[in-house]
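Below is one structure, written out as structure tokens, with a few remarks after it.
All residue numbers in this chain count up from 1 along the given sequence. Order of appearance sets the numbers: ligands from 1, and atoms from 1 within every ligand.
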Amino acid sequence: MLRCTSRVRGPIALTILLAAASAVGAQTPFVMGGVTAAPGTLASGSLRVPGGAGDEGTDIPFTVIHGSRPGPVLALIAGTHGVEYPPVLALQRLPTWINPQALSGTVVLIHVANMPSFLARTIYYGPKDGQNLNRVFPGRRDGTLSERIAFVLTTEVIDRATHVIDIHCGDGNEWLRPYSYWVVTSAPDVVAASKDLALAFGLDHIVIDTERPNDPGASVYLANTAMTRGKPALTAESGGWSRTDEESIARVERGVAGVLLHLKMTASGPPPVEHPVWLGRNEVLRSMFTGLLYPMVEPGQTVAQGTLVARVTDFHGNLLEEIRSPFAGEILYVVATPPITKGEPVGFVAERATALPAIK
Ligand SMILES: [Zn+2]
């Protein structure tokens with residue numbers, strides 16, 4: 001603590017104080033969406049997505065928990081897809097137990113990234129443009145509504161963060177066991193740090209994703225947008241099937257607490273997962289037909305090559321297709337409601353990895 005003495009007063013003392021403060025990296029206010037969070041406080045507001053052709057734009061509600069000390073800027077994003085509720089509900093709870101006075105760094109909570117889809121209760125696609133928000137990153141300033149949402153998230157959130165977690169679950173029609181994606185196609189240091197994020201988040205199944213684009217101008221996915229910009233990131237999945245179960249919500253909270261400890265933003269939290277199941281080869285199984293879907297497996301189920309995953313019939317009950325697992329593995333999610341459209345996912349199967357990829 002620096003005190004004013006009788007020999008050092010007024011402007012000189014202030015100068016010394018400011019110099020001392022900057023030397024230890026004092027925390028400065030965090031401004032977002034027109035609201036200011038002072039160090040050690042919390043502030044909430046909305047990011048405005050301007051209107052475009054045929055729509056009035058939308059708002060993205062956020063909360064900033066701004067620590068009293070400097071540190072990482074961790075962005076947590078929920079509601080990228082409209083009927084994925086446990087992440088949204090988990091983020092509602094975080095301000096009740098993340099204490100800004102005891103926090104190093106800043107947590108940015110994006111409560112509902114895709115408000116049009118959330119309010120219209122649409123799975124996969126935005127109601128105005130029929131686009132999947134998590135396929136249009138980094139977005140466009142003058143694009144469709146989904147592209148404009150992506151642009152605001154990229155420029156106002158991802159660009160300001162040091163670490164990003166995009167928190168999903170099975171969409172309204174998807175029955176899912178928890179897992180996360182570790183993307184290995186970005187810069188080695190980012191890939192290594194992203195692996196640590198996945199371990200800290202604690203989900204015990206981790207898909208090694210080798211197929212994400214590495215072009216920042218066409219990053220497609222939210223978390224990949226962060227990674228192509230040099231920021232460690234993670235996509236996590238907990239819950240699904242339109243449910244709001246406590247277990248799935250608590251799993252997200254636990255994951256965030258683990259990441260906060262890992263990034264040294266808090267002094268305590270749960271440990272990283274020690275022996276996760278690493279999943280290598282993976283495939284989204286898709287229907288070749290439009291009709292009625294009958295799932296034949298459950299998430300978490302081990303399947304052999306050729307195991308029947310789902311049947312598709314036409315609307316008169318005639319069998320159109322039997323969808324079988326192309327290899328032995330584990331079912332991570334399966335579509336569990338009857339509507340199925342040609343080309344849409346039916347389920348996701350992944351095989352245990354025998355070795356982790358070398359990070360070069
Ligand atoms: Zn999703």
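By the 6.0 Å and 45° rule, R135 does not stack over the aromatic ring of Y221. Cation-pi check for R177 over F348 is not met; the charged atom does not lie both under 6.0 angstrom from the ring centroid and within 45 degrees of its normal.
Within H81, the N, O or S atom lying nearest to the Zn ion (ligand 1) carries the name ND1. Summary: OE2 is the N/O/S atom of E84 found nearest to the Zn ion (ligand 1). Considering just the N/O/S atoms of H168, the one nearest the Zn ion (ligand 1) carries the name ND1.
Between the side chains of T80 and N114, no donor-acceptor pair is found at a separation under 3.5 Å.
Here D171 does not reach the Zn ion (ligand 1): none of its N/O/S atoms is less than 2.8 Å from the metal.
Salt bridge annotation for D142-R148: absent, with no cationic side-chain nitrogen under 4.0 angstrom from a carboxylate oxygen.
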